[in-house]
Amino acid sequence: MYLDAILNPLNEAQRAAVSAPLVPVLVLAGAGSGKTRVLTHRIAWLIQAEHASPYSILAVTFTNKAAGEMRGRVEQILGVPPGVLWIGTFHGIAHRLLRLHWREAGLTQGFQILDSDDQQRLVKRIIRANDLDESRWEPRDVAWFINSSKDEGRRPQDLKGGNDPTRAQMIRLYGLYEEACARAGVVDFAELLLRAYELWRDHPELLAHYRQRFRHVLVDEFQDTNAIQYAWLRLIAGPDGHPFVVGDDDQSVYRWRGARVENMQQFRRDYARAKLYRLEQNYRSTAAILMAANGLIAHNSGRLGKTLWTNGEPGLPIQLYAAFNERDEAEFVARRVADYVASGNRRSDIAVLYRSNAQSRAFEEAFIAGRIPYRVYGGLRFFERAEIKDALAYLRLLLNRDDDGAYERVVNLPTRGIGDRTVETLRDEARGAGISLWKAAAARSDVQQGGRTANSLRGFHRLVDRLAKETAGLPLHEQIDVVLKESGLIEHHGREKPSQDAARGETARNEARLENLAELVSAARSFAAESTDLELPPLDAFLAHAALESGERQSDAGEDSVQMMTLHMAKGLEFMYVFLCGMEEGLFPHQRSISDLEALEEERRLCYVGMTRAMKHLYLTHAEQRRLHGMDTHPAPSRFIKEVSRDIVAEVRPRASGARAVAAARLRREQPAAPAIRFRTEEPPPPGMRLGARVRHGKFGEGVVLNVEGSGPHARVQVNFEQQGTKWLMMQYANLEPV
DNA sequence: CGTGGGCGGATTTTT
DNA sequence: TCCGCCCACG
């Protein structure tokens with residue numbers, strides 16, 4: 001591929017970023033501005049123009065999906081054989097490093113990965129084992145403390161309790177948790193990152209090797225990095241490196257789980273030579289949608305500053321619907337969806353977005369009533385299902401008998417007469433001797449030859465040993481097949497309950513579980529076929545895969561259906577038509593964020609993310625009455641509605657309230673009000689004052705045109721200044737010059 | 001050992 | 001209101 005071919009498909013800003021010199025680079029990439037394209041083309045550029053070896057490239061993302069897309073596109077552009085480039089998630093890459101250097105990292109060779117559920121169970125066991133009150137020490141809170149400590153790079157010994165007994169206890173539990181993990185040979189997600197960081201930090205020779213190798217480090221969604229991820233990046237890039245990071249501070253919506261937008265500002269401080277590029281041209285949405293989004297996000301402070309613009313259609317104004325209640329809101333959306341579908345649109349081009357999952361219910365009911373196929377995202381994913389985790393627990397035991405979490409999960413599944421009492425004594429014995437449950441039980445059933453429980457335990461151990469022996473050397477999917485059958489798991493779920501006719505629902509659930517187990521076998525088959533990872537035995541690799549890529553959500557795709565999801569899940573996606581629902585104070589912004597400025601600004605960013613998902617039409621809806629936790633509330637419309645310039649909003653019908661609204665909601669076939677949109681319909685905007693143009697003002701400095709009203713000397717422009725924020729100015733007096 | 005009723009809590013979620 | 005979890009009972 002020639003250099004022209006790399007640069008030609010790009011706009012000027014993208015081209016500048018892609019062909020930037022080998023210095024640290026921060027790309028501020030707005031929503032829909034072609035950020036993935038810039039990353040992939042940058043990689044191509046490094047290889048073609050800078051003659052970088054494909055082996056010298058390390059590209060990091062947050063999700064497997066993003067990593068997969070990036071890898072696909074790079075390999076397509078360059079024709080590089082798969083697997084040469086290190087493209088992966090932070091966790092995936094950390095995992096790979098730890099497998100390669102498990103000894104230096106202080107891990108066991110066959111270490112396994114705990115998902116958050118496994119982690120919480122383990123924390124709970126530790127709390128119980130220490131006779132602590134679970135309501136005082138909630139496993140969720142303790143796990144959160146442990147994870148956020150790790151995210152900050154802190155080990156128990158780095159933490160001080162001070163005068164705070166609660167904190168001191170948390171630190172103690174963190175320490176006990178670490179010991180339990182070490183004993184069982186397991187690591188949680190945060191541990192992967194922290195260990196990978198410590199591995200390099202504490203082994204200069206290793207670090208030197210990898211620095212030499214990965215000369216080119218690229219990072220996607222940089223605004224989502226947490227402290228340890230950023231520290232890790234700085235280690236690998238080194239003081240003289242040139243990391244290429246892409247992010248959007250306006251789309252930072254994961255502060256609550258440790259992401260630090262400040263890393264973007266910090267990056268510029270840490271790398272004084274860093275160059276900043278802005279991608280502001282948007283290829284996704286209409287001008288109306290972008291103006292609404294720009295106007296909203298301008299209310300946030302401390303932004304790096306960026307305004308989206310487009311050469312495309314002005315588009316329809318944002319439609320605002322004030323519903324009577326959540327049912328009316330859902331019925332309105334359902335009617336609009338039906339209209340869109342009737343005029344030939346695909347249902348999958350339509351998205352219903354909301355702040356919290358509970359809101360989906362009303363929409364589901366309306367869609368069912370209207371016979372509109374829909375798909376709700378969220379909920380359990382494949383590898384998180386109970387029956388799948390049971391099966392995985394057996395597989396984990398095959399590799400590592402000391403995995404107490406797995407042991408407890410299946411020691412009595414299917415039931416084999418090993419009750420809570422037995423397990424409890426086992427736990428005590430194991431803890432007393434500082435050994436695993438497996439070892440404790442093995443010691444015991446040897447001693448007490450005769451007892452019934454001892455027999456059961458021995459039976460279980462023999463089963464596991466036998467499965468290990470029988471499956472050794474078999475292809476992966478056959479290994480799993482054998483384990484499923486001989487462990488009794490299949491029979492357990494397949495067992496009919498003949499006596500009860502009423503148990504039909506149960507039969508259906510059982511069937512679904514059996515299907516899932518069958519799916520596990522076929523997932524293993526295709527995993528083995530596709531996996532190029534030769535560094536790990538297949539079963540180890542498959543278990544890591546199951547933990548790190550928990551799989552698709554809800555697989556019953558196929559039929560064209562309306563997409564329903566939370567705003568967080570919608571990040572990174574795009575839809576022709578977007579309904580942003582539940583725009584109410586207390587719901588969005590959420591009650592818990594209203595009194596904290598930082599949290600409130602994050603809610604605003606979330607709203608910005610939601611709005612910028614829409615390509616053609618955007619609806620904002622709110623309800624005047626809503627049932628929340630069983631109580632009727634009368635929430636005020638979200639402040640975010642008011643923060644969108646009124647000029648680009650059209651109310652779907654005149655706001656009604658009270659009794660009138662009841663009738664109106666029932667009777668009115670709502671018609672959109674005459675569009676209130678006033679920008680560039682008849683008259684062209686003043687020269688140089690194109691939407692999104694950069695301008696300079698004598699006093700306020702540089703800014704970007706958000707909005708233009710009228711023409712000639714009476715025209716007014718709304719400008720978002722980098723320093724001063726958003727202002728309306730009269731063309732006549734403002735003396736704006738195009739930049 | 002499995003189930004039903006009482007109780008408390010109820011953003012957002014990837015890895 | 002509704003869901004998930006814990007405990008007591010059969």
Side-chain angles (χ1 to χ4, degrees), chain A residues 60-67 88-95 113-120 124 128 134-135 138-140 144 147 150-151 187-194 196 220-221 224-226 228-229 252-259 326 353-362 377-381 383-384 412-423 456 492 495 497 500 503 506 544-551 553 565-572 582 586-594 596 599 602-603 605-607 609-610 626-633:
Chain A
V60 200
T61 65
F62 274 84
T63 65
N64 292 299
K65 196 171 154 215
T89 63
F90 278 99
H91 293 87
I93 285 167
H95 174 240
I113 303 167
L114 295 186
D115 68 19
S116 342
D117 187 57
D118 300 329
Q119 181 190 37
Q120 201 147 310
K124 197 174 192 170
R128 287 193 177 164
E134 265 180 80
S135 54
E138 289 190 36
R140 221 192 48 217
W144 184 87
N147 289 334
K150 289 186 181 183
D151 286 348
V187 297
D188 60 50
F189 290 132
E191 185 72 26
L192 287 172
L193 301 177
L194 181 51
D220 189 16
E221 304 274 20
D224 286 338
T225 49
N226 64 27
I228 198 69
Q229 285 162 333
S252 157
V253 292
Y254 287 113
R255 191 183 76 110
W256 53 274
R257 65 174 200 212
E326 71 270 15
L353 307 183
Y354 36 77
R355 176 65 234 267
S356 65
N357 288 306
Q359 285 170 258
S360 72
R361 197 190 182 98
Y377 289 76
L380 280 193
R381 296 188 307 182
F383 287 112
E384 290 166 358
N412 197 33
L413 190 96
T415 45
R416 48 175 74 85
I418 302 168
D420 287 344
R421 268 318 293 279
T422 314
V423 178
S456 303
H492 174 72
R495 186 187 55 201
K497 290 195 170 156
Q500 292 154 340
E506 174 132 355
H545 167 82
L548 290 174
E549 306 194 24
S550 30
R553 290 177 182 276
M565 66 191 83
T566 62
L567 288 154
H568 283 93
M569 289 212 62
K571 192 172 156 222
L587 196 60
F588 191 33
H590 195 274
Q591 193 60 47
R592 296 165 95 127
S593 308
I594 278 179
D596 171 7
E602 178 145 313
E603 299 274 319
R605 292 192 289 269
L606 194 55
C607 187
V609 165
R626 181 179 297 272
R627 264 189 115 87
L628 260 175
H629 313 311
M631 299 227 289
D632 277 332
T633 59

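Numbered from 1 within each chain, the chains take letters A, B, ... in sequence-line order. FYI, side chains are in, hydrogens and waters are out, and symmetry mates aren't considered; it's all heavy atoms of this structure.
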Response to the item:
Per nearest nucleotide of DNA chain B, the residue lying toward the 5' end, Arg592(A) or His91(A), is Arg592(A)
Item to complete: Report the distance from atom CZ of Arg361(A) to atom C1' of dA10(B), rounded to the nearest whole Å.
Response: 14 Å
Practice prompt. Measure from CG on Asp420(A) to C1' on dC7(C) and round the result to the nearest Å.
Written response: 12 Å
Practice prompt. Quickly work out the Arg627(A) CZ to dC2(C) P distance and round it to whole Å.
Written response: 8 Å
Worksheet entry | d(CZ, Arg355(A); C1', dT12(B)) in whole Å | 5 Å
Practice prompt. Write down the distance between OH (Tyr354(A)) and C1' (dA10(B)), rounded to a whole number of angstrom.
Written response: 16 Å
Discussion item. Please compare Glu138(A) and Leu606(A) by the position of their nearest nucleotide in DNA chain B and report the one closer to 5'.
Written reply: Glu138(A)
Worksheet item: Are any side-chain N or O atoms of Asp188(A) and backbone N or O atoms of Leu114(A), one a donor and one an acceptor, separated by less than 3.5 Å?
Response: no
Worksheet item: Under a 4.5 Å cut-off applied to non-hydrogen side-chain atoms, are Trp144(A) and Glu138(A) in contact?
Response: no
Discussion item. Does Asp632(A) have more than 12 heavy atoms from other residues, nucleotides or ligands lying within 6.0 Å of its CG?
Written reply: yes
Response to the item:
Closest to the side chain of Lys124(A), out of dG2(B), dT12(B), dC6(C), is dC6(C)
Discussion item. Tell me the interatomic distance from His545(A), atom NE2, to dT15(B), atom C1', rounded to whole angstroms.
Written reply: 13 Å
Item to complete: May I ask you to verify whether the side chain of Ser116(A) and the base of dT15(B) hold a donor-acceptor pair under 3.5 Å?
Response: yes
Worksheet item: Looking at side-chain heavy atoms only, is the closest gap between Gln119(A) and Phe189(A) below 4.5 Å?
Response: no
Discussion item. Heavy atoms from C-beta onward define the side chain here; which of dT11(B), dT15(B), dT13(B) lies closest to that of His590(A)?
Written reply: dT11(B)
